[in-house]
Amino acid sequence: MDTFYISHGSPTLCIDEAIPARHFLKAWQDKSFCPRPTAILVVSGHWDTPVPSVNVIAGRNETIHDFYNFPKQMYELKYPAPGAPELAKRVKELLMASGFKRVDEDRKRGLDHGAWVPLMLMYPEADIPVCQLSVQSDRDGTYHYNLGKVLAPLKEEGVLIMGSGSATHNLRFILPRNSPVPSWALDFDTWLKNALLEERYEDVNHWDEKAPCAKMAHPWPDHFYPLHVAMGAAAENAKAKLVHHSWDMGTLSYASYQFTAATS
């Protein structure tokens, strides 16, 4: 099973036909990016905790509408995917065995929009069990890359590991639709693409030092670290592939990547 980083951009992705990334995600199953997973582990930029945390849900996941002042219809959308308590406990087991001293279990939290917005387009039947794993934005890229490496065995168990964030994410500089992409966003996005396709993963781990306009592209790293987890889970020498690229609102890159483990 390959791993993926999906740029979910704006929450309106769930309703706005004018966003190109919506059509990319709706074609997910037709394009056969991966076999049908036994379960899905989503690392979302919208769940940020002091220590790694998993949601352990025995029934159906609640749909969390964690956004404000959006169209009413968005608050009526539901994505009642089954929880994946066995996967959650497996994630905790792997992390604890690798040296993480504490992994919290949240038995109430459902799916935030970083999870359900892309998933409702990718797997609209909502019939695949889903578990979420949090990020720790006070740590760095290498930490999240190493966290991802620990999760690599899940791929052999049919689990789709999906990081969900945004390749660029500075909400202070959102522009009107069809605005030209400013140089800072384009420079960072281009650097990221080249670094990934050239397998310069150490540079990506140290993005805040290596990338141009890093702090403009990501004033807070929560939407970027899911990429490091997906990258790490693919294992060393993995091949990165740009599977979608588009812009919206001037500064939001929807660049999304697939990571394929190297064959021996």
Side-chain angles (χ1 to χ4, degrees), residues 1 3-16 19 21-22 24-26 28-29 33-34 36-49 52-68 70 74-88 90-92 104-137 144 147-148 151 154 159-167 169 222-230 233 244 252 254 256-258:
M1 188 73 75
T3 66
F4 293 84
Y5 174 68
I6 302 297
S7 288
H8 67 253
S10 168
T12 54
L13 182 68
C14 61
I15 63 168
D16 190 346
I19 299 177
R22 175 178 171 84
F24 153 64
L25 292 171
K26 287 182 75 172
W28 183 267
Q29 295 185 68
F33 283 108
C34 65
R36 179 180 170 86
T38 57
I40 302 172
L41 177 65
V42 181
V43 184
S44 166
H46 290 281
W47 194 15
D48 189 352
T49 58
S53 302
V54 288
N55 67 333
V56 186
I57 305 298
R60 296 272 174 176
N61 278 292
E62 294 290 330
T63 304
I64 304 173
H65 299 92
D66 51 342
F67 40 75
Y68 307 96
F70 282 89
M74 292 174 57
Y75 298 92
E76 297 169 351
L77 294 172
K78 304 290 184 187
Y79 189 75
E86 296 84 5
L87 173 57
R90 180 84 173 106
V91 170
K92 180 174 181 176
D104 285 352
E105 298 181 13
D106 191 319
R107 298 181 176 275
K108 295 182 179 180
R109 192 180 195 280
L111 303 179
D112 61 53
H113 81 266
W116 68 261
V117 166
L119 287 179
M120 81 171 350
L121 301 172
M122 297 161 66
Y123 299 104
E125 302 85 1
D127 58 354
I128 300 175
V130 181
C131 168
Q132 281 200 230
L133 172 65
S134 65
V135 296
Q136 288 71 65
S137 64
H144 287 88
L147 185 151
L151 302 175
L154 297 175
V159 175
L160 170 58
I161 301 173
M162 184 179 97
S164 178
S166 283
H169 193 257
D222 48 9
H223 274 59
F224 199 44
Y225 287 157
L227 178 141
H228 294 86
V229 178
H244 175 78
L252 277 180
Y254 282 84
S256 297
Y257 293 90
Q258 177 179 7

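Distance OG/S7 to NE2/H169: 10.0 Å, rounded to 0.5 Å. Once rounded to the nearest 0.5 Å, the distance linking CD1 of I15 with CZ of R22 reads 8.0 Å. How far CG of D112 is from OG of S164: 7.5 Å, rounded to the nearest 0.5 Å. Residue M122 holds its CE atom at 5.0 Å from CE of M162, rounded to the nearest 0.5 Å. Between the CG atom of L25 and the CD1 atom of I19 there is a distance of 10.5 Å, given to the nearest 0.5 Å. The OG atom of S166 sits 11.5 Å away from atom CG of L227, with the distance rounded to the nearest 0.5 Å.
Under a 3.5 Å cut-off, the side chain of S256 and the backbone N or O of H244 do not form any donor-acceptor pair. A distance-only check finds a donor-acceptor pair linking the side chain of R60 to the backbone of P80 [under 3.5 Å]. A donor-acceptor pair under 3.5 Å links the side-chain atoms of N55 to the main chain of R109, judged by distance alone. The backbone N or O of L77 lies less than 3.5 Å from a partner atom in the side chain of H65, making a donor-acceptor pair. For E105 (side chain) and S53 (main-chain N/O), no donor-acceptor pair under 3.5 Å exists by modelled atom type. For Q132 (side chain) and W47 (main-chain N/O), no donor-acceptor pair under 3.5 Å exists by modelled atom type. The main-chain N or O of A81 is found under 3.5 Å from a side-chain atom of N61 such that the two form a donor-acceptor pair.
Closest non-hydrogen pair, V56 versus P85, comes out as CG1-CB, 3.9 Å. Among all heavy-atom pairs drawn from W28 and F33, the shortest one is CE3-CD1, 3.5 Å. Taking all atoms of both residues into account, the shortest heavy-atom contact from A39 to I128 is CA-CG2, 3.9 Å. The two atoms that bring P226 and G45 nearest to each other are CG-N, 3.8 Å, heavy atoms only. The heavy-atom pair separating P129 from A84 by the smallest distance is CB-CB, 3.7 Å.
Taking the six-membered ring where the residue is Trp, the centroids of H8 and W116 are separated by 6.0 Å or more. Side-chain rings of H228 and H144 stay apart, their centers remaining 6.0 Å or farther from each other.
Atom CD of Q136 sits in a crowded spot, with more than 12 heavy atoms from other residues, nucleotides or ligands closer than 6.0 Å.
Side-chain contact between R90 and C131 is absent, with no heavy-atom pair separated by less than 4.5 Å. The shortest side-chain heavy-atom distance between Y123 and L160 falls under the 4.5 Å cut-off. The shortest side-chain heavy-atom distance between S10 and Y254 falls under the 4.5 Å cut-off.
Remark: of the listed residues L87, T3, V130, L87 is the sole one forming a side-chain contact (heavy atoms from CB on, under 4.5 Å) with L41.
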(request) Evaluate the side-chain contact (heavy atoms from CB on, under 4.5 Å) criterion for residues M1 and V159: first the C-alpha distance (whole Å), next the side-chain angles of each, then the deciding distance (0.1 Å), finally the verdict. (result) CA-CA 7 Å; M1 188 73 75; V159 175; over 6 Å; no
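Screening residues 75-87 for side-chain hydrogen bond (donor to acceptor under 3.5 Å, both in side chains), with sequence neighbours left out, gives no hits.
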